[in-house]
Structure formats: C-alpha cells, structure tokens
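Presented below is the structure to which this report refers.
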Amino acid sequence: MKVRKGYLNASGRKFAIVVSRFNQFITQKLLEGALDCLHRHGAKDDDLEVTWVPGAFEIPYLAKRIAESGSCDGIVCLGAVIRGATPHFDFVANEVAKGVARVALETGIPTVYGVVTADNIEQAVERAGAKVGNRGFDAALATIELVDLYRNLPRAKKS
Ligand code: INI
C-alpha cells in the first residue's frame with residue numbers, strides 16, 4: 001500500500017507570503033503568525049519573501065506572478081475581509097477564495113488560502129492570534145506540509 005504524507009519540514013525550502021494591507025491591524029498579525037510558523041519549522045529568512053498588496057482582491061494576481069516566476073516552492077496568501085466594514089464583502093471574499101484556488105491549480109505551486117473572513121472586527125481579531133488561534137500560522141503550516149508532499153509525488157506525465 002502506498003500512503004503519501006507531507007512532513008512539517010520547511011528547512012531549505014523557499015516560501016512567498018502575499019499579504020494585503022486592507023485591515024492591516026489584522027493582516028500584520030497574520031503575517032507574524034505565518035513567519036513564526038515558518039521559522040519554527042526550519043525556514044531561513046533568506047528563503048522567505050513577503051509581498052504586500054492593497055487589498056485581498058489583489059492577492060491572486062500577485063500570487064500567480066510569483067508562482068510563475070519560479071522563485072518559491074509554496075505561497076501563503078493572507079488577508080482580512082470583514083463583513084461589517086464592507087458592503088461588497090461577498091464579492092471580495094468569493095473572488096479571493098476562487099482566485100487563490102485557481103493559482104494553485106493552474107501553476108502547480110502549493111498556494112494556500114489564509115484569508116480571515118469575519119462578520120465583524122471582534123471575530124477577525126479572534127482569528128488573528130486571540131481566541132481561535134492565528135489563521136496566518138495555520139496557513140503557513142498547511143503550505144509547509146503541501147510543499148513537502150508535492151516534492152514526493154511522481155512527476156505529471158506530459159500529454
Ligand atoms: N479588501 C480587503 O482586503 N478586505 C476588505 O474587507 C475590503 N473591503 O472592506 O472592501 C477590501 N476591499 C478592497 C479590495 O480588496 C481591493 O483592494 C479594492 O477593491 C481595489 O481593487
């Protein structure tokens with residue numbers, strides 16, 4: 001029986017983080033959580049790149065460019081979309097979720113969704129290092145695991 005698993009080893013791997021400035025008081029905490037996770041699992045600063053974008057809507061554009069550049073093994077996407085603060089919450093939240101998934105599917109680079117979507121500021125704070133953990137840390141952990149897993153997969157056949 002073949003069982004495939006990814007292990008939590010970030011050593012020697014390159015990671016990109018794309019983080020949005022909108023609601024920066026939340027996204028800064030997500031970034032800190034993601035960096036903490038990457039460092040604790042062996043990543044070195046020289047192997048990390050952080051790109052700031054204006055809002056969550058722009059995350060997929062930059063993630064795609066970075067994935068296509070071949071500069072990293074995995075991408076962590078961080079943002080905060082808060083319903084109370086925007087009438088077009090659903091639009092922004094849906095687009096960023098679909099966009100991040102498309103980047104992963106189209107480029108073959110593990111690209112992980114670490115966007116907090118919350119009804120209000122209190123809920124967002126809870127997901128950025130308060131009551132309910134830190135979504136940035138969690139997204140980085142998933143990225144580390146996927147990068148390791150992808151490395152050990154057989155290469156896709158050329159059609
Ligand atoms: N961007 C966010 O990251 N979070 C939000 O809650 C948000 N709101 O409230 O609208 C938001 N809007 C900006 C959007 O992501 C784009 O940057 C903007 O529309 C320009 O394309």
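All ligand and atom numbering here is 1-based and tracks the order in the structure. Owing to the predicted nature of the structure, the values given are computational and were not obtained by experimental measurement.
The shortest N or O to N or O distance between A80 and ligand 1 is below 3.5 Å.
Across all their heavy atoms, Q123 and N120 have their closest contact at N-OD1, 2.8 Å. Here the closest non-hydrogen pair linking A63 and I75 is O-CD1, 3.4 Å.
Residues satisfying the side-chain contact (heavy atoms from CB on, under 4.5 Å) criterion with N152, sequence neighbours excluded, are D148. By the side-chain contact (heavy atoms from CB on, under 4.5 Å) test, D138 pairs with no residue at all, sequence neighbours left out.
Screening K14, E49, R65 for a side-chain hydrogen bond (donor to acceptor under 3.5 Å, both in side chains) with S71, the sole residue that qualifies is E49.
Close contacts between ligand 1 and N23 involve ligand atoms 4 (N), 5 (C), 6 (O) [criterion: under 4.0 Å to a heavy atom]. In the vicinity of I82, heavy-atom distances shorter than 4.0 Å reach the ligand 1 atoms 6 (O). Proximity to H88 (heavy-atom distance under 4.0 Å) selects the following atoms of ligand 1: 10 (O). In the vicinity of A56, heavy-atom distances shorter than 4.0 Å reach the ligand 1 atoms 1 (N), 2 (C), 3 (O), 15 (O).
Comparing heavy-atom distances from atom 7 (C) of ligand 1 across F57, F22, Y61, F91 singles out F22 as nearest.
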